[in-house]
Amino acid sequence: MYVYPVDIAGEAAGEREWEAASAEATRRGEAAAEAPGPSYLIANVFDGVVHPEARPPRPHEPGTADGFADPAASTYAWDDSGRRAPTIDPNYARIIARCAPRTPVLGYVSTRYGARPLGRPGTVDPTTVLGQVRLWRWLYPAIGGVFLDEVSSSPDDGHGDYYETVTAAVDGKVVANLGTPPPTDWLLARQIADTLVVFENTAAAFDRFAMPAWAAAHPPSAFAAIAHGATSPDDVRRIRRRSSAMDIGALYVTDRTMADGNPYRGLPSPPFWRALLAPL
């Protein structure tokens, strides 16, 4: 849900989209036969929780990533140099608190495949992974965990220890987005993640995707897939059938494309959304 959570006539329907997604995730979570995997909403404010160079957002400014938030948002000092960053966005605070009791909301944190500085435990430096993890819980206490993006698929070069340190700092669930299956189940075996996103690509590419042999030792809830660029509702239904047959427990499909700039800045178009939700 990389969607700013405010409804403004003629400009945005973000609050309604958040509510719709949360309500549907809750319904599917209650129907175990339909939803073998967990349901989450993923929040992404400044390509993470805050950005060290982001300014407090201005109201009615749809051309910016931060959209329509309160211009009076305060700032906090995040290191000894006195550098400052915006703090809580009140619109995100409201929507996360409202949706979290129904569907866990995860905070987006990119690790840049293990290249982003890890940082020190207990700090709030937004340029580091541990700083972002702590900031999510500090600024939005209803958050239910983190969505680690750009996760390395290899435990080599210290990545195993790196990700174990991150997970130890998370209070809640961890979903790790690799975008492709790792060569082994090391992330699950070392309890680094609850769920692995093993596919993030186009709907057309999903037709060629296959799960690795080691996945058979784990339940469907350990795996998720994300497909963008679906061309028809039938495309969505075909992806759902293949995903189910491969025991992938969580799935998101949208007709939005990378050519749009970001395929996650809104829910799928209504026919595609209905095809994603309807019984097969």
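It should be emphasised that the depicted structure is a prediction, and the values quoted were computed from it without experimental measurement. Position 1 is the first residue of the sequence, and the numbers go up from there.
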Looking at every heavy atom in both [X] and [Y], which two are closest together, and how far apart are they?
X	Y	value
A193	L188	O-CD2, 3.6 Å
G160	R190	C-NH2, 3.5 Å
S39	P104	O-CD, 3.6 Å
V45	V49	CB-O, 3.6 Å
V151	A176	CG2-CB, 4.0 Å
Y92	N44	OH-O, 3.3 Å

Using 0.5 Å steps for rounding, measure from the [atom1] atom of [X] to the [atom2] atom of [Y].
X	Y	atom1	atom2	answer
D234	F272	CG	CZ	9.5 Å
M1	L106	CE	CG	13.0 Å
L178	Y113	CG	OH	8.5 Å
I95	L41	CD1	CG	9.0 Å

Partners of S153 by side-chain hydrogen bond (donor to acceptor under 3.5 Å, both in side chains), sequence neighbours excluded?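 Partners of S153 under the side-chain hydrogen bond (donor to acceptor under 3.5 Å, both in side chains) test: none.
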By side-chain hydrogen bond (donor to acceptor under 3.5 Å, both in side chains), which residues pair with Y40, not counting sequence neighbours?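 None.
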[X] versus [Y]: any side-chain heavy-atom pair under 4.5 Å?
X	Y	value
S243	F206	yes
D260	R265	no
L148	V174	yes
I192	E164	yes
H228	T202	yes
Y162	T111	yes
Y108	Y264	no
E24	W273	yes

Any donor-acceptor pair under 3.5 Å linking the side chain of [X] with the backbone of [Y]?
X	Y	value
R240	A275	yes
T195	S221	yes
D89	N91	yes
E17	G266	no
R16	D7	no
E15	P5	no
T257	G229	no
R242	F209	yes
W214	P182	yes

In sequence, state the C-alpha distance, the side-chain angles, and the governing distance for D125 and T123, and then conclude on side-chain hydrogen bond (donor to acceptor under 3.5 Å, both in side chains). CA-CA 6 Å; D125 181 346; T123 62; over 6 Å; no
Within a reach of under 6.0 Å around CD of Q191, are more than 12 heavy atoms found that belong to other residues, nucleotides or ligands?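 No, CD of Q191 has 12 or fewer neighbouring heavy atoms, counting only those of other groups under 6.0 Å.
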Distance-only donor-acceptor hits, side chain of residues 244-255, under 3.5 Å, sequence neighbours excluded:
residue: T254; atom: OG1; partner: R256; partner atom: N; Å: 3.1
residue: D255; atom: OD1; partner: S269; partner atom: N; Å: 2.9
residue: D255; atom: OD2; partner: S269; partner atom: OG; Å: 2.6

Restricting to salt bridge (charged side-chain N to carboxylate O under 4.0 Å, His left out), what partner residues turn up for D185, sequence neighbours left out?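 For D185, no residue satisfies salt bridge (charged side-chain N to carboxylate O under 4.0 Å, His left out) once neighbours in sequence are set aside.
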For D235, enumerate each residue passing the salt bridge (charged side-chain N to carboxylate O under 4.0 Å, His left out) test, keeping only those at least two apart in sequence or located in another chain.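 Scan of D235 (salt bridge (charged side-chain N to carboxylate O under 4.0 Å, His left out), adjacent residues dropped) gives R238.
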Taking the six-membered ring for Trp, are Y140 and W136 parallel (under 30°), tilted (30 to 60°) or perpendicular (over 60°)?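 The arrangement is tilted - the two ring planes meet at 30° to 60°.
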For residues 130-153, which residue pairs pass the salt bridge (charged side-chain N to carboxylate O under 4.0 Å, His left out) check, not counting sequence neighbours?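 For residues 130-153: R137-D171.
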Could you tell me whether E19 and R102 have a side-chain N and a carboxylate O separated by less than 4.0 Å?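 Counted as a salt bridge, because a side-chain N and a carboxylate O are separated by less than 4.0 Å.
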